[in-house]
2 protein chains.
Amino acid sequence: METTVKAENILKSNGLRKTQIRLEMLQIFMDSKHALSVNDIEKDLKSSHDRVTIYRALNSFEENGILHQTPDPNGNMRYAICSDSCPEHVHQDKHAHFICEECNQTYCLEDVKIPDVQLENGYQLNSISYTMNGICKECQLN
Amino acid sequence: METTVKAENILKSNGLRKTQIRLEMLQIFMDSKHALSVNDIEKDLKSSHDRVTIYRALNSFEENGILHQTPDPNGNMRYAICSDSCPEHVHQDKHAHFICEECNQTYCLEDVKIPDVQLENGYQLNSISYTMNGICKECQLN
DNA sequence: ATGCAAAAGCAATCTTTTTGCGTTTATTTG
DNA sequence: CAAATAAACGCAAAAAGATTGCTTTTGCAT
């Protein structure tokens, strides 16, 4: 995998250092159609790294609004890159997710907007997550 | 806490045995407005029990369609009772959830139906989860 | 009352995630 | 370009969540 200039820019514009693993991680996210677990990332990395390093990078990315988190239905945390620039800490998922029960992948459906519902008075709404579960295209064919 | 006849019936109608802890657990769920984590349940139980027992009871309840699961934003699994009878294993959350960022409680909004979206062809949709995050009524007041 | 399968309890293990701390290294600055 | 410094890394340890195997207990049907 070749790390792009874009990965560099993301790091630079967030005041983060340009290290090999962080460049690689960002590239992995940019190349992925779906949200990744820590295990996914560990597998995708060329050279082996301490899981702690991965965790800390993910946290840093998340705090800087580069990634957002969503737990999959099993409660495992997954991460995906924020295509539209997310305000730090107040990330609002604007699009729906689809999680395949076969391959366990989480797809970001960038073009599927989350519909609103009527919320009782007294609640302060900060963000919404809309997640569909089922079988994805690819797994459907097998 | 007093276990009701209803808890008994739930167990009986699912071919499960009437044990003290399972009765208590069901009662806790029926008395709760929000989804509970394993820790919540452990705290709410009168007498102390092995966590394994709690896990196994939860799994059994979930397999029988008595409870449904949703992970909270931290990826911790939470459980809530199915008010409408859920077909086993194929539970479809019909209602939205609200998770308070302050008290971390997951509220089941029984009367808020999940709106549909247009899903690209080729996907098989099994269930949808709709989760709002923000501050709940109670926390709003403090 | 007896027998059997379900459920409970205990120990052990596994996975995921976090924390502390010493070392390395990218980047800034003189 | 060398020195300084704070960020990031790597290792060890441990906390937290969840599962598994096995033995004992117990609810319930016969």
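To find a chain, count down the sequence lines: A is the first, B the second, and so on, and within it residues start at 1.
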**Message:** Just the rounded figure in Å: distance from P of D:dT26 to CG of B:Leu16.
**Reply:** 19 Å
**Message:** If you only use heavy atoms from C-beta on, which nucleotide in D:dA12, C:dT27, D:dA18 is closest to the side chain of B:Tyr55?
**Reply:** D:dA18
**Prompt:** What orientation do A:His68 and A:His97 show, parallel under 30°, tilted 30 to 60°, or perpendicular over 60°?
**Reply:** tilted
**Prompt:** Roughly, in whole Å, what's the span from CE in B:Met77 to P in C:dT16?
**Reply:** 14 Å
**Request:** Select from A:Asn39 and A:Lys18 the residue whose nearest nucleotide in DNA chain C is closer to the 5' end of that strand.
**Result:** A:Asn39
**Phosphate OP1/OP2 of C:dG9: any B:His49 side-chain N/O under 4.0 Å** = yes
**Message:** I'd like to know if the side chain of B:Asp50 and the backbone of B:Val52 have a donor-acceptor N/O pair within less than 3.5 Å.
**Reply:** yes
**Request:** Measure the acute angle between the ring planes of B:Tyr107 and B:Phe98, then classify it against the limits of 30° and 60° as parallel, tilted or perpendicular.
**Result:** tilted
**Rounded interatomic separation in angstrom, taking CG from B:Asn76 and C1' from D:dA16** = 9 Å
**Asked** Hey, is NZ on A:Lys12 packed in by over 12 heavy atoms from elsewhere, all under 6.0 Å?
**Response** no
**Request:** Please report, rounded to the nearest Å, how far the P atom of C:dT17 is from the CG atom of A:Asn59.
**Result:** 10 Å
**Message:** In this structure, how many angstroms lie between the P atom of C:dC10 and the CD1 atom of B:Ile54, rounded?
**Reply:** 13 Å
**Request:** For B:Gln20 and C:dG9, give me the distance from atom CD to atom P, rounded to whole Å.
**Result:** 11 Å
**Request:** Name the residue closer to the 5' end of DNA chain D, choosing between B:Val38 and A:Ala57 according to the nucleotide with the nearest heavy atom.
**Result:** A:Ala57
**Asked** Just how far, in rounded Å, is C1' of D:dC28 from CD of B:Glu8?
**Response** 14 Å
**Fill in**
Side-chain contact check for A:Thr19: nearest option of C:dG9, C:dA26, D:dT19 is C:dA26
**Request:** From the options C:dT18, D:dA8, C:dT17, select the nucleotide whose nearest atom is closest to the side chain of A:Arg22.
**Result:** D:dA8
**Prompt:** Separation of B:Ile21 atom CD1 from D:dT26 atom C1', in whole Å?
**Reply:** 14 Å
**Item:** Spacing of B:Ile99 atom CD1 and B:Ile135 atom CD1 [to the nearest 0.5 Å]
**Value:** 12.5 Å
**Prompt:** Between the base of D:dG10 and the side chain of A:Arg56, is there any donor-acceptor pair under 3.5 Å?
**Reply:** yes
**Message:** Let's see if you can work this out: which of C:dA8, D:dC9, D:dT20 has an atom nearest to the side-chain heavy atoms of B:Thr53?
**Reply:** C:dA8
**Message:** Using the side-chain heavy atoms of A:Arg17, tell me which of these nucleotides is nearest: D:dA6, D:dG10, D:dA18.
**Reply:** D:dA6
